[in-house]
Trainee: 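Handing you a structure now.
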Amino acid sequence: MLKRRSWAEPFKIKVVEPIKMTTREFREQAIKEAGFNTFLLKSEDVYIDLLTDSGTSAMSDWQWAGMMLGDEAYAGSKNFYHMEEAIRDVYGYQHVVPTHQGRGAEHIMSKCLIKPGDIIPGNMYFTTTRLHQELAGGKFVDVIIDEAHDPLSEHPFKGNIDLDKLKHWIDQAGAAHIPYISFAGCVNMAGGQPVSMANFRAVYELCRPLGIKVMFDATRNVENAYFIQQREPGYRDKSVAEILREMSSYSDGCTMSSKKDHLVNIGGFLAMNDDDFYQQAVNMVVVYEGLHTYGGMAGRDMEALARGIREAVHDDHIRARVGQVEYLGQKLLEEGVPIVVPIGGHAVFLDAKRFYAHLPQNQFPAQALAADLYVESGVRAMERGVVSAGRNKETGDHEYPKLELVRLTIPRRVYTQAHMDITAESVIDLYEKRTQAVGLKMIFEPPYLRFFQARFERLGG
Ligand code: F0G
């Protein structure tokens with residue numbers, strides 16, 4: 001058993017937002033109306049909202065003060081220059097193209113770099129990222145190490161790329177048909193699992209001489225840097241900021257959903273070092289997002305973002321942030337609840353295949369578990385399994401991912417240790433009566449990113 005690290009929050013609370021308590025009968029009705037899809041619940045009917053850490057974090061007083069300094073000029077807002085300067089300082093990339101959020105950056109990058117028929121290797125897919133690659137005519141191939149697909153493997157860097165798998169695809173497709181490697185830190189779909197510095201370096205050293213770009217999905221790279229500090233020999237005495245800079249030096253740029261690491265409710269960007277790519281991207285951003293000095297954000301949003309970037313890399317902040325996730329995960333492990341190990345950076349992932357072992361994957365065990373957790377206690381989680389994986393392009397059948405998970409995602413600086421205790425108790429109660437659970441049947445399925453809007457019914461009524 002790991003010894004618990006102390007992680008008390010490096011802040012005190014100045015403003016509070018009341019939350020509603022509901023009854024089981026109310027929640028049973030609400031989840032039925034939401035088609036057993038937690039994305040379709042009303043936020044005000046949720047007690048503890050662990051749907052996502054995206055855009056749900058609490059801003060600091062310094063960020064809120066920055067909101068009053070928004071320069072809402074159409075062109076050349078000073079807040080854009082603050083943001084650009086923060087990205088250059090903290091990540092080290094030369095050029096910054098602002099976008100409204102992460103998928104805006106993915107869209108622009110995919111359109112600029114991918115030609116029909118191209119192959120994009122990456123360390124496990126992310127929903128929006130893969131879809132933009134496909135819409136641009138590319139094909140995503142997964143080159144993450146096998147351990148990432150095993151919820152029981154204790155590998156400390158389950159986000160790593162398997163260099164042999166990557167070399168295989170380079171041989172197969174030819175470097176000219178691989179526009180870039182799609183390389184994410186703290187891999188979301190694997191359970192928030194980090195990549196080692198050695199792996200970042202090795203992938204870059206392999207790709208650079210071949211002219212293949214390495215593009216990070218840097219959405220949770222600050223959390224990744226923290227794991228390197230904690231787990232990789234030689235990094236204990238380095239700050240998270242120093243580690244992050246070194247990570248970025250093994251890449252040609254990144255897409256970023258600032259709604260995670262950067263502690264803002266909205267925002268993102270595409271960054272790169274290459275001048276030609278930048279010219280293409282600024283041209284594209286005016287078509288799809290907005291002028292290249294706001295990209296869909298208000299000036300005040302860019303100021304909050306500029307400040308959030310700098311706060312995100314404070315060691316005491318990130319230690320408390322990841323520490324809180326670990327606190328919840330440890331509580332569940334102590335009671336024998338099956339979760340993905342090691343505990344990830346942004347979330348605790350329940351292993352629905354073992355939790356609801358009696359439900360086959362075509363009855364959507366993770367979707368059912370997320371719905372049951374809401375009914376049990378008003379805690380809202382998210383399915384990350386067969387519903388999120390979508391359908392196979394060729395056969396039309398469901399993709400059946402090895403990982404069938406429910407994500408308890410912790411917003412940054414929002415909930416207290418008592419909220420984590422309540423959450424753990426609810427999950428444990430549900431685990432004790434797991435054999436009573438019934439599966440679901442899908443009754444409505446949208447064509448893209450179906451997990452957001454699909455509707456279900458309980459089997460047997
Ligand atoms: N990349 C990763 C790794 C993400 O987790 C997300 C969003 C995106 C890209 C897209 O960014 O939402 O700003 O357009 N993840 C959210 C989540 C939705 O809940 O994990 P976006």
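Please read these numbers as outputs of a predicted model, since none were measured by experiment. Start at 1 and go down the list; that is how both ligands and their atoms are numbered. In what follows, every heavy atom counts, from backbone to side chain, and hydrogens, waters and symmetry copies are set aside.
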Trainee: Please identify which atoms of ligand 1 are closer than 4.0 Å to at least one heavy atom of K259.
Mentor: 13 (O)

Trainee: Among all the protein's non-hydrogen atoms, which is closest to atom 8 (C) of ligand 1, and how far away is it?
Mentor: F126 CE2, 3.4 Å

Trainee: Please report which non-hydrogen protein atom sits nearest to atom 10 (C) of ligand 1, along with the residue it belongs to and the distance in Å to one decimal place.
Mentor: T128 OG1, 3.5 Å

Trainee: With a distance cut-off below 6.0 Å to the six-membered ring centre and an angular limit of 45° from the axis, does R384 pair with F451 as a cation-pi contact?
Mentor: yes

Trainee: Which of the numbered atoms in ligand 1 are below 4.0 angstrom from a heavy atom of T52?
Mentor: 17 (C), 19 (O)

Trainee: Starting from the C-alpha separation in whole Å, work towards a yes-or-no answer on salt bridge (charged side-chain N to carboxylate O under 4.0 Å, His left out) for R201 and E246.
Mentor: CA-CA 9 Å; R201 193 181 305 120; E246 185 183 340; 3.3 Å; yes

Trainee: How would you list, by chain and number, every residue that makes a side-chain contact (heavy atoms from CB on, under 4.5 Å) with T219, sequence neighbours excluded?
Mentor: D217, S257, K260

Trainee: Quick check: G102 and ligand 1, any N/O pair under 3.5 Å apart?
Mentor: yes

Trainee: Between K331 and D421, is there a side-chain N and carboxylate O pair less than 4.0 Å apart?
Mentor: yes

Trainee: May I ask you to identify the nearest protein heavy atom to atom 2 (C) of ligand 1, giving residue, atom name and distance to one decimal place in Å?
Mentor: D217 OD2, 3.3 Å

Trainee: With ring pair (Phe, Tyr, Trp, His ring centres under 6.0 Å) as the rule and sequence neighbours excluded, what pairs involving residues 115-140 come up?
Mentor: H107-H132

Trainee: Just which atoms of ligand 1 are under 4.0 Å from any heavy atom in E106?
Mentor: 1 (N), 8 (C), 9 (C), 10 (C)

Trainee: Any Lys/Arg nitrogen of E72 or R300 sitting under 4.0 Å from an Asp/Glu carboxylate oxygen of the other?
Mentor: yes

Trainee: Run down the list K260, R384, R220 and name the one with the heavy atom closest to atom 7 (C) of ligand 1.
Mentor: K260

Trainee: Note the single closest protein heavy atom to atom 13 (O) of ligand 1, along with its residue, its atom name and the distance in Å.
Mentor: S257 OG, 2.6 Å

Trainee: For atom 21 (P) of ligand 1, grab the closest protein heavy atom and report residue, atom and distance to one decimal in Å.
Mentor: Q101 NE2, 3.3 Å

Trainee: Who's closest to atom 14 (O) of ligand 1 heavy-atom-wise, of R103, H100, H132?
Mentor: R103

Trainee: Are any of the side-chain nitrogens in K20 or E44 under 4.0 Å away from the carboxylate oxygens of its partner?
Mentor: no

Trainee: Is the shortest distance from a Lys or Arg side-chain nitrogen in D150 or K402 to a carboxylate oxygen in the other one below 4.0 Å?
Mentor: no

Trainee: Specify side chain, backbone, both or neither for R407, according to which of its non-hydrogen atoms lie closer than 4.0 Å to ligand 1.
Mentor: side chain

